[in-house]
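Within every chain, numbering begins at 1; the chains are lettered A, B, ... in the order of the sequence lines, protein sequences first and strands thereafter. The model shown is predicted, which means the values in this text are computed figures rather than measured ones.
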Protein chains: 2
Amino acid sequence: MNFASDSSRRDKRGLRTDERIHGAIYAAIINHQLHPATPLQEDALAGAFGVSRTIIRKVLQRLAHEKLVVITPNKGARVARPTTEEGRQVFEARHTVESEIVRKVARRHDDRGLERLRAIAAEEMKAQVARDKRRRVQLSGDFHRALADLADNAVLAGFVQELVSRTSLIIALYEVPGAVPCSCDEHSEIIDALAAGDEALAIDRMSHHLRHIESQVDLSQTAGGVDFRSLFAPATGEDG
Amino acid sequence: MNFASDSSRRDKRGLRTDERIHGAIYAAIINHQLHPATPLQEDALAGAFGVSRTIIRKVLQRLAHEKLVVITPNKGARVARPTTEEGRQVFEARHTVESEIVRKVARRHDDRGLERLRAIAAEEMKAQVARDKRRRVQLSGDFHRALADLADNAVLAGFVQELVSRTSLIIALYEVPGAVPCSCDEHSEIIDALAAGDEALAIDRMSHHLRHIESQVDLSQTAGGVDFRSLFAPATGEDG
DNA sequence: TCGCGGCAAGCTGTATACAATGATGTTGAA
DNA sequence: TTCAACATCATTGTATACAGCTTGCCGCGA
């Protein structure tokens, strides 16, 4: 039962080169170390990771498919810069998919799984006390992913994975300055409802939680790339 | 507003080489010209399309992201061979996502959009009369994609696109021989409910329609790759 | 005859060289 | 001085060469 039996080149953690590099860039984007619209030049990345552009291109294409990077032909890759409209759509999709996830988990009564969720929630509480924002954000994503994994549907879990990642970018761009960071016992309350098998309550709490996250970003801006047209519009009296 | 203004190499239809090749292989898989598990050798494809392996690898990786192809490290690419469990999950995800799509479209009253759907349904009827099965399958997919496009959410529409493609593979593998092909006025009935703005009815009909499609495949088999682990498990008395 | 080990062929993995494209700055003429 | 055409440079796009992995074949020995 040795899954590492295939002897292709891997690092100590059993990751192939391209997976390792993907993970590194992915994490940097999610952690807001690489900001939206940052150019990702192939040569520079190749140098940084000590590989050729071939590998970097492969990784960038994967990230593009995951919507974290945008590749413009003949011009290169940048960290994605989702528009407010895209943000709206991502949150709407999260409502759709994660409500269903919660419904399914509530019906399953998987105690082992719920324990895992509680462990993550506990870590989150610690990070909150320690005021470690980066870790909180990381763990919050982990919670949603772990919850999705309990729903016994890899397809839906994959969707959640993508949506959670994209949410990171949206928060990076549109988080309102004084936002109260998501009180993380919302997660605990969801777990409680799941443990009680109260499907309707659990869904309700998840909905509320997602609305809460959404309330901490301002998607009312016309932004997502400055619109010079309207910014420098001649004062024709038409624009208020 | 000339979107074709960038002068990078494109064919007559404005497609870049890799997009053209992706489309060709994609179509071949969806149309069941390339069956599940068919090996996709890089050199052979490169020769067939008159390009180098570089392009082919890019295309294969994209198809792998779309779950239509499986790449095994050091062994190459094959057309994906979804398991019955995967099939179950894809249908479940379709229920989740497409129900929401229908809900949103029912609320929008987009007459132009509904006309487009009716046009597709009409074409389907023609194909049914002509007993052109390939075209029917193609158009059926078009219907679901077009419907998704009306929901004003590119994220959800993207999910539907992926799910519809994967459904093609599942049908290729598990369609029961004597299946009555989906009577395509189910599509028309959905459109009617949407036109009437009857949200609940439209969702109900979509659910019914998806169940109908699912009923035409047999996902009860243990197939999709034999599980040697359980098949040859030592008889420790634990397995019943 | 069977089993084991090494060799060879075929394929994928990666690096690199070269071609093509886009951005920028410069020159020259109106 | 302004604008356009051109030259240059940085960067991406594609092909190809070579290295490494996997697998099947063949021969050797028991």
Side-chain angles (χ1 to χ4, degrees), chain A residues 2-25 34 37-65 68-80 225-226 228, chain B residues 2-25 34 37-65 68-81 225 228:
Chain A
N2 179 11
F3 287 111
S5 63
D6 103 63
S7 63
S8 49
R9 264 172 323 214
R10 298 188 130 95
D11 71 1
K12 44 202 162 191
R13 279 201 300 273
L15 293 169
R16 286 193 316 279
T17 322
D18 56 329
E19 289 176 332
R20 187 173 49 84
I21 296 174
H22 173 271
I25 300 181
L34 285 172
T38 304
L40 301 171
Q41 205 175 300
E42 297 177 358
D43 254 329
L45 288 170
F49 287 104
V51 296
S52 77
R53 282 174 51 215
T54 310
I55 311 280
I56 299 297
R57 297 190 114 240
K58 182 169 162 182
V59 169
L60 289 177
Q61 267 151 29
R62 177 166 166 201
L63 289 165
H65 198 267
L68 296 181
V69 155
V70 171
I71 297 176
T72 312
N74 291 316
K75 295 180 72 181
R78 290 169 174 271
V79 178
V226 184
F228 293 124
Chain B
N2 179 12
F3 287 111
S5 63
D6 99 65
S7 62
S8 49
R9 266 175 322 215
R10 296 189 133 94
D11 71 0
K12 44 203 162 191
R13 281 201 300 274
L15 293 169
R16 286 193 318 279
T17 322
D18 57 329
E19 289 177 330
R20 186 172 51 81
I21 296 174
H22 173 271
I25 300 180
L34 285 173
T38 304
L40 300 171
Q41 204 176 305
E42 298 178 358
D43 255 330
L45 288 170
F49 287 105
V51 296
S52 78
R53 281 174 52 214
T54 310
I55 311 281
I56 299 296
R57 296 191 115 240
K58 182 168 160 184
V59 169
L60 289 177
Q61 268 152 27
R62 178 166 165 203
L63 288 165
H65 284 140
L68 296 181
V69 155
V70 171
I71 297 177
T72 312
N74 291 319
K75 296 181 69 181
R78 289 172 173 269
V79 178
R81 199 180 188 298
F228 293 124

Side chain to side chain contact (heavy atoms under 4.5 Å, CB included) evaluation trace for A:I56 with A:F49: CA-CA 9 Å; A:I56 299 297; A:F49 287 104; 4.2 Å; yes

Separation of atom CZ in B:R16 from atom C1' in C:dT21, rounded to whole Å: 13 Å

Protein-nucleotide distance (B:N74, atom CG; D:dT23, atom P), rounded to Å: 9 Å

B:K58 NZ - C:dT12 C1' separation (whole Å): 19 Å

N/O donor-acceptor pair under 3.5 Å between A:Q61 side chain and A:K58 backbone: no

OP1 or OP2 of C:dA15 under 4.0 Å from side-chain N/O of A:S52: yes

Salt bridge (Lys or Arg N to Asp or Glu O under 4.0 Å) involving B:R78 - partner list, sequence neighbours excluded: none

Whole-Å distance separating the CD atom of B:Q41 from the P atom of D:dT23: 14 Å

d(CZ, A:R53; P, C:dA15) in whole Å: 12 Å

For A:A77, side chain to side chain contact (heavy atoms under 4.5 Å, CB included) partners two or more places apart: A:L40, A:L60, A:V69, A:I71

Length of the line joining A:I56:CD1 and C:dA15:P, which is rounded to integer Å: 9 Å

Whole angstrom value for the distance that separates C1' of C:dC18 from CG of A:D43: 14 Å

Length of the line joining B:K75:NZ and C:dC11:P, which is rounded to integer Å: 14 Å

